Structure formats: structure tokens, C-alpha cells
There are 2 protein chains.
Amino acid sequence: MSLQKSRTPAQPEHGADLGARKAAILEAVVSQYIGSAQPVGSSAVADAAGLSVSSATIRAEMAALEHDGFLVQPHTSAGRIPTDKGYRYFVDHLTQPTSGKSPEMVRVKRFFDDVHGGLEEVLERSSRLLTEMTSYASVVVAPGHTSSEIRSAQVVDLGGGHALVLVVLTDGTVEKTSIAVGDDATSDAIAHASQLVNDALTGARLNAPIAVPTSADPAVAAVLNHAGEAIGALATGAASEQVFVGGPSRLAGAFDAVETVRSVLSILEQQLVVVSLLRDVLDAGLSVAIGHEHGYEPLASCAVIVAPVVIDDEAVGAVGLLGPTRMQYPAAIAAARAVGSELSGRLGGRGGEGGAA
Amino acid sequence: MSLQKSRTPAQPEHGADLGARKAAILEAVVSQYIGSAQPVGSSAVADAAGLSVSSATIRAEMAALEHDGFLVQPHTSAGRIPTDKGYRYFVDHLTQPTSGKSPEMVRVKRFFDDVHGGLEEVLERSSRLLTEMTSYASVVVAPGHTSSEIRSAQVVDLGGGHALVLVVLTDGTVEKTSIAVGDDATSDAIAHASQLVNDALTGARLNAPIAVPTSADPAVAAVLNHAGEAIGALATGAASEQVFVGGPSRLAGAFDAVETVRSVLSILEQQLVVVSLLRDVLDAGLSVAIGHEHGYEPLASCAVIVAPVVIDDEAVGAVGLLGPTRMQYPAAIAAARAVGSELSGRLGGRGGEGGAA
DNA sequence: GTTGGCACTCACTACACTTGAGTGCCAAGT
DNA sequence: ACTTGGCACTCAAGTGTAGTGAGTGCCAAC
């Protein structure tokens with residue numbers, strides 16, 4: 001019943017609380033299973049692992065690993081498969097934390113050097129980059145604009161009794177809503193209102209209460225009234241994050257049960273769920289959540305890798321990867337971290353782009 | 001060897017060129033197969049169809065239908081399955097073209113009455129509506145802005161040597177790019193440039209060559225230069241359509257081969273391919289393309305339903321549904337048509353929204 | 001032209017049997 | 001106290017044989 005450090009007091013251990021040999025065996029099982037998706041038997045481990053012990057010894061160790069919850073057998077006469085706990089140990093202890101200049105880092109860096117364009121484009125292409133590098137589904141959650149400052153605000157006459165309210169933020173994004181102003185609003189009144197709105201709002205913050213000006217001219221006042229409502233709606237709307245999901249089709253190949261595929265895909269379609277999933281994982285202080293570790297039952301056979309997007313020491317967004325529990329953790333983690341940190345640099349450095357044309 | 005009208009010269013036919021009874025049998029097979037996904041046998045047809053003939057007669061007719069390419073047998077002792085040609089006949093002749101006020105029409109109309117918001121939101125929610133009504137994957141291709149007129153154009157200083165060029169179009173959409181203007185561009189110079197750009201561009205059309213003004217002031221001229229390039233890029237960018245894909249997870253359940261699911265999903269992720277698929281089908285004058293009828297091999301087991309979005313007698317966009325060949329054609333067609341036409345009305349009527357708050 | 005009857009085909013299931021991968025245990029060796 | 005080879009045991013997967021039943025095609029009779 002003793003789970004932790006026990007049973008291997010004399011071994012020269014450097015793995016952690018598992019004993020070097022058990023750790024090596026666990027690693028062999030996990031890597032082989034990740035590669036083949038087939039249960040791994042004792043002789044396969046004996047052949048592969050650097051240990052020079054017989055399969056019988058390995059069998060004994062594997063039995064212990066199973067007893068301790070790191071491995072399971074699908075049926076009596078089969079090899080072993082890692083449990084969530086087994087994968088967890090693998091990522092925590094058996095994976096060296098991205099030694100220096102990983103190839104992923106290099107590739108991501110080069111990619112970001114080449115990308116130009118607006119915020120949305122950068123985010124979307126980041127997500128595509130992630131799925132291409134890892135062949136898992138990727139998620140990029142963009143920071144909301146809670147703390148952004150308004151650079152410019154306008155009301156543009158669209159004709160036909162309608163106008164567009166648009167607000168430019170310091171990070172280079174534009175929020176807009178169209179409003180009905182009624183046929184009697186002259187374009188002069190709209191232009192006047194626009195001027196007032198711009199003067200009043202420039203420099204304000206979206207998350208602070210916003211004071212919309214009034215006017216003595218009733219026509220202008222009417223427009224201002226509509227615009228005020230619209231801006232209020234914009235402020236709440238802009239606070240919510242944008243989500244970019246990339247490469248869900250990659251998941252279809254990862255599972256063999258169609259039902260699993262369906263439920264996982266349908267989760268990915270619900271952006272709110274995805275966002276809170278990532279947030280939950282980050283809040284729990286994890287960068288990897290395996291199987292049941294995140295509470296989302298439909299994703300029980302998935303692992304989630306998350307890396308925060310950090311600006312000024314504050315996590316404002318996240319990038320994530322979603323794949324089967326038997327996923328290529330080292331590469332995937334490296335990729336997610338690299339993209340997360342590059343994105344942090346890019347977004348933190350400045351508005352969020354790199355020049356047109 | 002004679003395919004068309006023959007062999008049933010004496011029958012009171014109103015089906016078309018197949019004979020009323022064959023048509024009824026074909027219809028029974030198709031509907032039952034759509035429902036059950038199981039091959040349909042002669043006795044099942046005899047029970048279901050309104051015909052009062054024995055299964056032996058039905059067998060003979062079914063053999064003829066198979067000979068003519070409307071049905072196939074998966075193996076000798078199985079029932080029959082419709083071919084692409086069989087489905088085609090079903091949709092063309094055995095489906096009354098949306099008699100008046102279909103429930104789909106009603107639901108779509110009510111939906112559009114309730115939806116408010118900007119163009120993108122309307123499109124996205126349309127796509128969601130479609131997949132919810134039909135449980136197939138939906139595609140909404142929004143019109144490009146080729147013929148839209150510019151309502152307003154501005155350059156907004158973002159600070160840090162960057163600025164945002166934004167163009168508001170009559171349809172209420174906003175196109176934007178950020179540009180690097182260099183640290184020496186004063187906010188006065190940018191404001192001045194913005195004024196010039198707005199004066200020059202308001203009323204112009206994006207698809208016409210755009211003349212960007214110049215200025216004697218070198219600082220302003222530099223900004224104008226950058227803005228000019230950006231606007232050129234915007235014009236080409238804005239011409240391309242926006243694509244909204246909804247509910248791809250619905251496809252996972254529709255096929256049992258994982259490989260099919262994967263390839264179909266990956267097609268759906270390539271927006272360019274989706275757009276040309278819809279365009280091809282429309283150009284061929286079809287509203288339904290079944291199996292191999294569209295040339296896209298990976299979608300050979302899919303059917304595509306398309307309805308154009310028409311403004312001023314010109315097809316500027318499209319809505320589509322993608323499902324297995326054994327799909328609920330009547331309902332799906334009705335839904336696509338309804339959404340297509342409502343969308344046409346909405347977009348054609350005016351900028352593209354319905355008032356905020 | 002329709003129908004009931006009938007022989008035939010063939011996927012599917014069940015069952016028994018074999019095979020082989022893999023285990024757990026144990027007694028002997030270091 | 002570990003390690004190891006040996007051995008009995010388990011069980012999924014593959015193979016061969018029947019039996020079953022859905023469904024067909026054909027044909028003679030109506």
C-alpha cells in the first residue's frame with residue numbers, strides 16, 4: 001500500500017521516488033507505446049532499454065509498476081499500457097526540460113521573424129504552425145482587451161439610417177458595431193457626434209466606465225445615445241477572448257473509436273469550453289494535463305498541453321495542444337512553450353504586428 | 001442497353017422517364033436506406049411502399065433498377081443500396097420542391113428576425129443555424145467586397161512608430177492593416193495624412209484603381225506612402241471571401257470509416273478548397289452534388305447541397321451543407337435554400353445588420 | 001403481367017481448435 | 001537478497017466447419 005519512496009532504499013536513484021530501474025522500464029514502456037499504440041511486453045522492454053537484465057526481472061518490476069498504478073494490462077496475456085499516472089511520471093521526471101536551443105525553438109523563431117500582419121493573422125497562423133509542427137489540434141486563446149486604451153473612436157454614416165461605431169485600441173485591434181440611427185439623422189449630425197465621441201473617448205480604457213458626451217442639438221444627441229449603448233456593448237464584448245482552433249482533423253486519426261472522435265471534436269467546437277479548459281489547467285499550475293487530470297470527461301482519452309502567453313508578468317492568453325494521451329510529449333511541450341513565449345514577446349513588445357506589404 | 005424511356009410504354013407514368021412503379025420502388029429504397037444505413041430488401045420495399053404488389057415483382061423491378069445503375073448490391077444475398085445516380089433521381093424527381101411554407105422556412109425566418117449584429121456575426125450564426133437544423137456540416141461563404149464603396153478611410157496612430165490603416169465599406173465591414181511609419185512620424189503628420197486619405201478615398205470603390213494623394217510635407221508624404229501600399233494590399237485582400245464552417249463534428253458520426261472522416265475533415269479545413277467546391281457546383285447549375293458528381297475524390301462519399309446568396313441578380317456568396325450521400329435531402333435542401341434566400345435579403349437590403357443593443 | 005414457390009448464394013454467427021505472445025510463480029544460481 | 005531460466009497458465013487472435021437466415025433469380029402457374 002505504500003506508494004511513494006519505499007522498496008528501493010539501496011538503489012542508486014536519480015529518477016526521483018521510483019528507483020532508477022523502474023523509471024527506465026516505465027520510460028521504455030511509455031515511449032514504445034507512444035510509438036506503436038500496442039501493449040508493450042517484458043521482452044520488448046528488455047531488448048530496448050539500456051538495462052542488461054532478463055525479461056523475468058523486468059516482468060517483476062512491471063508487475064510492481066502495475067500495482068503502483070503506473071501501468072495496466074488490457075488483458076491477462078497482453079503487454080502493458082501506461083496509465084494517466086504513468087504518463088504523468090514520464091513527463092515530470094523522464095523528460096529533460098527542453099535543453100537550450102531545441103529544434104522547435106529554432107523553427108518557431110524563424111516563423112515569427114517572417115510573419116507580418118495584424119494581430120488576428122498572427123494568432124491564426126500561430127495556431128496553424130502548432131498543428132503543423134506537432135500534428136495535433138491546436139488552440140490559441142488571444143488576450144481580451146480589458147486593459148487596452150482607446151486610440152480613436154468614430155461613428156461612420158453607412159446611409160439608409162444606419163451607422164457604424166468603431167473603436168481602435170492601442171493593440172491595433174478594431175471593435176465595431178453597427179447601429180440604427182433612423183432616417184432623420186443627417187450625415188452632418190453623425191459627423192458631429194463622431195467628433196464628440198472621439199474627443200471624449202480617446203485615451204479612455206475599455207474596462208473603465210465610459211462617459212459618452214451629450215449635445216444640445218437633439219439630432220446629434222440621438223446619435224450619441226445610440227452610440228453610447230453600442231460602445232457599452234463593445235466594451236463587454238471586447239473583454240472576451242478570441243479563440244483560434246487549428247487542425248481538428250488531426251484528431252480523427254488519433255483515436256480509433258469514432259465516438260471518441262465525435263465527442264472530442266464537438267468539445268473543440270465549443271469555444272467557451274476550450275477556453276475554460278485551458279484556463280483551468282493553467283490555474284492548476286500545470287502545463288500538461290493528462291486524461292482525467294483535467295475534469296473534462298469527454299476528453300478523458302486526451303492530453304492537453306498548455307503554455308501561457310505572458311505580458312508584463314500577467315498571463316493574458318494561452319496556446320494549447322490537444323492530442324491523445326499517447327502523444328509525443330517532449331516535442332509537443334517544446335513547441336507549445338516556444339510559440340507561447342514568442343507570442344508573448346510579440347504581443348508584449350508592441351501593438352501586435354510587423355508592417356504591411 | 002436502353003437506359004431512358006423504354007420498357008414501360010403502357011404504364012400511366014408521371015414520375016418522369018422511369019415509370020411510376022420503378023420510381024416508387026426507388027424512392028422506398030432510398031428513403032429506407034437513408035434512415036437505416038442498411039441494404040434494403042425486396043420485402044421491406046413491398047411492406048413499405050404504397051404499391052400492392054408482391055415482393056417477387058419488386059425483385060424483378062429492383063433487378064432492372066440495378067441493371068440501369070440506380071441501385072447496387074453490396075453482395076449477392078443482400079438488399080440494395082442506392083448509387084449516386086439513384087440519389088440523383090431521388091432528388092430530381094421524387095422530392096417535391098419545397099411546397100410553400102415549409103417548417104424550415106418558418107424557423108429560418110424567425111431566426112433572422114431575431115438576429116442582430118454585424119455582418120460577420122450574422123454569417124457565423126447562419127452557419128450555426130444550418131448545422132443545428134440539419135446536423136450536417138455547414139459552410140457559409142460571404143461575398144467579397146469587390147463592388148463595395150468606401151465610406152471612410154483613416155490612419156490612426158498607435159504609437160511606437162506604428163499606425164493602423166482602416167477602411168470602412170458601405171456594407172458595414174471594416175478592413176484594416178497596421179503599418180510601420182517610423183518613429184519620426186509625428187501624430188500631427190499622421191492625422192494630416194489621415195485627413196488626406198479620407199478625402200481622397202471616400203466614395204471610391206475597392207475594385208477600381210485607387211489614387212493615394214501626396215503631400216508637400218515630407219513627413220506626411222512618408223506616411224501616405226506606407227498607407228498607399230497598405231490600402232492596395234487591403235483591396236486585394238478584401239476581394240477574397242470569408243468562409244464560415246460550422247459543425248464539422250457532425251460528420252464524425254456520419255461515416256464509420258475513420259479514414260473517411262479524417263479526409264473529409266481535412267478538406268473542410270482548407271477554406272480555399274471549400275470555396276471552389278461550392279463555386280464549382282453552383283457554376284455547374286446544380287444545387288445538389290452527390291458523390292462523384294463534384295470532382296473531389298476525398299468527398300466521394302459525401303453529398304453537397306448549395307444555395308446561392310444573391311444580391312441584385314448576382315450570386316455573391318453561397319451557403320452549403322456537407323453530409324454523407326445518404327442524407328436527408330428534402331430537409332437539408334429546404335434549409336439551405338431558406339437560409340440562402342434570407343441571407344440574400346438581409347445582405348441586399350442594406351449594409352448588413354440590424355441595430356445594436 | 002403478376003405471383004407463389006423453390007433452389008441458391010453468401011454474410012454472419014457460433015463453436016471448437018490451435019497458436020503464440022505474454023504473464024506469474026518458483027526453485028536454483030550468484 | 002536479487003536475478004534468472006524454466007514452466008504452467010491465460011487469453012486474444014486466427015482458422016476451419018456448420019448452421020442460419022436474409023435476400024436473390026428463375027420458373028411454372030395463374
Side-chain angles (χ1 to χ4, degrees), chain A residues 6-13 18-26 28-29 32-33 36-68 70-83 86 256, chain B residues 6-13 18-26 28-29 32-33 36-68 70-83 86 256:
Chain A
S6 69
R7 160 174 337 215
T8 56
Q11 281 292 327
E13 28 175 305
L18 203 57
R21 197 171 63 188
K22 275 210 184 65
I25 292 174
L26 178 55
V29 172
Q32 287 190 41
Y33 184 72
S36 70
Q38 296 297 325
V40 182
S42 55
S43 59
V45 173
D47 290 351
L51 323 159
S52 41
V53 290
S54 79
S55 66
T57 311
I58 306 244
R59 272 201 291 283
E61 297 282 49
M62 285 171 79
L65 282 169
E66 174 163 17
H67 174 265
D68 289 352
F70 293 97
L71 298 176
V72 276
Q73 270 183 304
H75 57 263
T76 323
S77 71
R80 255 87 175 195
I81 285 180
T83 60
D256 30 37
Chain B
S6 70
R7 159 176 337 213
T8 54
Q11 282 292 327
E13 31 174 301
L18 202 57
R21 197 170 63 187
K22 275 209 186 66
I25 292 174
L26 178 56
V29 172
Q32 287 192 40
Y33 183 72
S36 69
Q38 297 297 326
V40 182
S42 56
S43 60
V45 174
D47 290 352
L51 323 158
S52 41
V53 289
S54 79
S55 66
T57 311
I58 306 247
R59 273 202 290 283
E61 297 283 49
M62 283 170 82
L65 282 169
E66 173 163 18
H67 174 264
D68 289 352
F70 293 97
L71 299 175
V72 277
Q73 269 182 304
H75 57 262
T76 323
S77 71
R80 256 91 174 189
I81 285 179
T83 60
D256 31 35

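For clarity, every value in this text was computed on a predicted model and none was experimentally measured. Lettering follows sequence order; numbering is per chain, from 1. The basis for the numbers below is simple: all heavy atoms, side chains too, and nothing from hydrogens, waters or symmetry mates.
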How long is the line joining [atom1] of [X] and [atom2] of [N], in whole Å?
| X | N | atom1 | atom2 | value |
| --- | --- | --- | --- | --- |
| A:Glu61 | C:dT23 | CD | P | 13 Å |
| B:Gln38 | D:dG21 | CD | P | 18 Å |
| A:Gln73 | D:dT10 | CD | C1' | 10 Å |
| A:Leu71 | C:dG22 | CG | P | 15 Å |
| B:Ile58 | D:dG25 | CD1 | P | 13 Å |
| B:His67 | D:dT24 | NE2 | P | 18 Å |
| B:Met62 | D:dG25 | CE | C1' | 13 Å |
| B:Gln32 | D:dA22 | CD | P | 15 Å |

(request) Find which nucleotide of DNA chain D each of A:Pro74 and B:Glu66 is nearest to by heavy atoms, and output the residue with the more 5' nucleotide. (result)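 This one resolves to A:Pro74.
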(request) Mind checking which stems touch DNA chain C? I mean at least 3 consecutive Watson-Crick or G-U pairs, both distances under 3.5 Å. (result)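 Result, WC/G-U stems under 3.5 Å: C:1-30 with D:1-30.
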According to side chain to side chain contact (heavy atoms under 4.5 Å, CB included), who are the partners of [X], at least two apart in sequence or on a separate chain?
| X | value |
| --- | --- |
| A:Ser36 | A:Gln38 |
| B:Ala37 | B:Arg326 |
| A:Ser77 | A:His75 |

Distances under 3.5 Å only, N/O to N/O: pair up the protein atoms with those of nucleotides 4-7 of chain D.
{"from": "D:dT4", "atom 1": "OP2", "to": "A:Ser54", "atom 2": "N", "distance (Å)": "3.0"}
{"from": "D:dT4", "atom 1": "OP2", "to": "A:Thr57", "atom 2": "OG1", "distance (Å)": "2.7"}
{"from": "D:dG6", "atom 1": "O6", "to": "A:Arg59", "atom 2": "NH2", "distance (Å)": "3.4"}

(request) With rounding to the nearest 0.5 Å, note down the distance linking CG in B:Leu71 to CD1 in B:Ile81. (result)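 Nearest 0.5 Å value for the CG-CD1 distance: 9.5 Å.
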(message) So if I take residues 75-82 of chain A and measure heavy-atom distances to DNA chain D, which residues fall below 4.0 Å?
(response)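 Listed by number, they are A:His75, A:Thr76, A:Ser77.
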(request) Sequence neighbours left out, what passes side-chain hydrogen bond (donor to acceptor under 3.5 Å, both in side chains) with A:Glu66? Give chain and number order. (result)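 Per chain and number, A:Glu66 pairs via side-chain hydrogen bond (donor to acceptor under 3.5 Å, both in side chains) with A:Arg80.
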If every non-hydrogen atom of [X] is compared with every non-hydrogen atom of [Y], which pair is closest and at what distance?
| X | Y | result |
| --- | --- | --- |
| B:Gln32 | B:Ala48 | NE2-CB, 3.1 Å |
| A:Pro74 | A:Pro39 | CG-CG, 3.9 Å |
| B:Ser55 | B:Ser42 | O-CB, 3.8 Å |

(request) Output every pair passing salt bridge (charged side-chain N to carboxylate O under 4.0 Å, His left out) with a member in residues 54-65 of chain A, not counting sequence neighbours, ordered by first then second residue. (result)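 The answer is A:Arg21-A:Glu61, A:Lys22-A:Glu61.
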(request) Using side chain to side chain contact (heavy atoms under 4.5 Å, CB included) as the criterion, point out the one residue from A:Val40, A:Val53, A:Val45 that pairs with A:Ile25. (result)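 Output: one option passes, namely A:Val45.
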